[in-house]
Amino acid sequence: MSEKRYQVPSAIAEGVGYTIVENASLEGRNTFRVPARANLLVDVRKTDALAELFGFAMIRNGPLLVLGEGSNILFTRDWPGVVLSMAALGINILEDDGNAVRVRVEAGENWNDFVRWSLARGLRGLENLILIPGTVGAAPIQNIGAYGTEVREFIDVVEAWDRQSDQLIRLNNAECAFAYRDSLFKHERDRYIVTAVEFLLPRQRELQIDYAGVREELDSLGVDIPTASSVAEAISRLRTRKLPNPAVVGNAGSFFKNPLVEQELADRLRRENPSMPAWKSEDSLTKLSAAWLIESCNFKGLQQGHAAVSEQHALVLINRGKATGSEIWSLAECIRKAVLERFGVLLEPEPLVL
Ligand code: EPU
């Protein structure tokens with residue numbers, strides 16, 4: 001490790017609604033907890049500050065990376081430009097017609113706090129998305145999803161700073177081009193900075209409890225008639241059992257997306273591996289379980305240097321304590337190679353890998 005890593009921040013500037021730190025450590029800003037530094041780290045506490053910040057040449061012109069809580073990113077190197085951390089807070093009800101609530105949430109709010117806020121007000125929809133790490137601003141970027149629900153079902157408008165037109169714009173749900181772990185924002189990272197999300201949350205909605213394990217968990221809680229809160233409780237228990245907690249063990253949730261493959265390949269793999277899980281998906285493609293493919297290549301629990309595949313879930317790569325981003329990435333590459341050779345399926349990383 002270079003000397004540079006131990007340098008203290010060399011300059012700090014305060015403006016209205018923002019703080020700038022030069023040569024800043026990002027180790028506490030990514031849930032893998034790998035070391036990395038940014039040339040400039042800008043904490044943006046007020047969306048209004050963006051206009052002023054993009055007036056500075058070094059922010060306007062330098063390579064830019066937007067960070068929430070860093071729960072979906074792997075740094076394999078230092079960031080040579082500006083890291084913008086969106087930290088504006090606020091949850092405000094815009095409209096309530098008795099059946100549904102339109103609520104505006106600033107990008108820096110913690111996702112799970114917002115889910116709990118909605119449950120406490122008797123609103124439905126987000127119960128299956130409880131305990132997902134990260135900020136509200138990051139949620140639309142990868143269209144977070146879990147236990148049969150995706151956030152796109154509840155997003156009405158995403159507000160973003162558009163670096164092309166230098167202004168705040170509003171994109172409706174269709175314009176966001178949501179798909180499985182995907183959106184417009186993932187493809188236009190250099191252009192849009194999500195500043196707030198407006199959700200439409202109903203008071204009445206059928207609960208989604210069909211995903212494997214949810215009913216069983218409700219039964220074990222002794223729940224006869226599920227409510228949004230009891231579903232959230234069941235899913236919290238499932239997640240806590242299945243996924244390593246990033247507050248305890250460095251990780252970024254699923255490291256790979258579940259691959260979408262052509263029917264023909266899925267059918268062949270199914271014939272060769274009758275126990276392989278597979279689901280019908282969009283555009284006549286079949287979704288396979290990346291966790292199953294990885295476990296079948298004997299990677300579950302495997303450690304390489306300080307990086308490892310979780311023993312709890314084969315889709316989660318973990319930092320055993322002192323791993324660098326490169327170490328985690330080389331383990332990921334070994335997994336990709338093995339899965340490709342054995343099954344002919346190329347796994348795509350889910351987090352942003354830098
Ligand atoms: N499985 C294995 N080995 C394992 C774990 C799972 O073979 O170690 C197989 C099982 O057969 C199981 C299947 O994989 O039936 C699916 O497992 P699970 O229900 O845990 O879901 P997943 O497809 O592995 C996805 C999301 C998770 C989300 C869960 C629950 C992606 C990339 N991941 O995982 O999201 O929590 O479903 O809905 O779609 C995340 O995105 O970071 C994340 C954790």
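One-based numbering, in listed order, for ligands and for the atoms of each. Hydrogens, waters and symmetry mates play no part in the numbers below; they use all other heavy atoms, side chains included. What you are looking at is a predicted structure, and each value in this text was computed from that prediction instead of being measured. Position 1 is the first residue of the sequence, and the numbers go up from there.
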### Task
Under 4.0 Å from a heavy atom of Tyr180: give me the atoms of ligand 1 that qualify, with their elements.
31 (C), 32 (C), 39 (O)
### Task
Please work out which of Gly301, Ser254, Ala314 has its closest non-hydrogen atom nearest to atom 44 (C) of ligand 1.
Ser254
### Message
With respect to Gln312, determine whether any N or O atom, backbone or side chain, lies less than 3.5 Å from an N or O atom of ligand 1.
### Response
no
### Message
Centroid separation under 6.0 Å, is that true for the rings of Phe114 and Phe199?
### Response
yes
### Query
Heavy-atom distance from atom 15 (O) of ligand 1 to the protein below 4.0 Å?
no
### Message
Taking the basic N atoms (NZ, or NE/NH1/NH2) and the acidic carboxylate oxygens, is any pair closer than 4.0 Å for Arg152 and Asp182?
### Response
no
## Note on the structure
Of Phe299, Trp292, Tyr211, Phe255, the residue with the heavy atom nearest atom 30 (C) of ligand 1 is Tyr211
### Message
Would Lys257 count as a polar contact of ligand 1, with the cut-off being nitrogen or oxygen pairs under 3.5 Å?
### Response
no
#### Entry: Whether Ala212 lies under 4.0 Å from ligand 1, heavy atom
no
### Task
Using the test side-chain contact (heavy atoms from CB on, under 4.5 Å), find all partners of Ser220 that sit at least two apart in sequence or belong to another chain.
Glu217, Arg237
### Task
Could you tell me if the ring centre of Phe32 sits under 6.0 Å from that of Trp329?
no
### Query
For Phe56, what residues pass the ring pair (Phe, Tyr, Trp, His ring centres under 6.0 Å) criterion, not counting sequence neighbours?
none
### Message
Check Glu264 with Arg268, please: is the shortest side-chain N to carboxylate O separation under 4.0 Å?
### Response
no
### Query
Does a sphere of radius 6.0 Å around CZ in Arg170 hold more than 12 heavy atoms from other residues, nucleotides or ligands, not counting ones at 6.0 Å or beyond?
no
### Query
Between Gln142 and ligand 1, does any nitrogen or oxygen pair lie at a separation below 3.5 Å?
no
### Task
State whether Glu153 and Arg205 are salt-bridged, where the test is any N-O pair (Lys NZ or Arg NE/NH1/NH2 against Asp/Glu carboxylate O) under 4.0 Å.
yes
### Message
Yes or no, since that's all I need: does a protein heavy atom fall within a distance strictly under 4.0 Å of atom 9 (C) of ligand 1?
### Response
yes
### Query
Going by distance alone, is a donor N or O of one side chain under 3.5 Å from an acceptor N or O of the other, for Lys280 and Gln263?
yes
### Atom indices of ligand 1, in the order listed, that fall short of 4.0 Å to a heavy atom of Ser289
9 (C), 13 (C), 14 (O)
### Task
Record the part of Phe256 in heavy-atom contact with ligand 1 below 4.0 Å; permitted values are side chain, backbone, both and neither.
backbone
### Query
Looking only at heavy atoms, is any part of Glu295 under 4.0 Å from ligand 1, and if so is it the side chain, the backbone, or both, or is it neither?
side chain
### Query
Short list, please: which atoms of ligand 1 are under 4.0 Å from a heavy atom of Leu315?
24 (O)
### Query
Side chains of Gln303 and Arg320: do they bring a donor and an acceptor to under 3.5 Å?
yes
### Query
Hey, does Gly253 come in under 3.5 Å of ligand 1, counting only N/O atoms on both sides?
no
### Query
Any idea which of Arg181, His313, Glu350, Lys242 brings a heavy atom closest to atom 35 (O) of ligand 1?
Arg181
